[in-house]
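Here is the structure we will look at, set down as structure tokens.
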Amino acid sequence: MAVKLSSVVMVLMVAFIAKISFETATGEKKHSEINQSNDRSPASIDQSYYDHMNKR
């Protein structure tokens, strides 16, 4: 009884995706952590552009 490598790879991929999905679904994250992760500061190139445009 031969097992093809592709079938083994497919089973491992499905198991990995299922593990990640399960951890994501059961993971608890506080709302404050979510809000902090969405906040971002402007990139330095954006700030340089705004500074350049404000000098004119």
Taking the side chain as every heavy atom from C-beta outward, state whether Ile20 and Phe16 have any pair of such atoms under 4.5 Å apart. yes
Restricting to pairs with a member in residues 2-19, which pass side-chain hydrogen bond (donor to acceptor under 3.5 Å, both in side chains), not counting sequence neighbours? Lys19-Glu23
Report the hydrophobic cluster partners of Ile17, with the cluster defined as I, L, V, M, F, W, Y residues connected by side-chain heavy atoms closer than 4.5 angstrom, directly or transitively. none
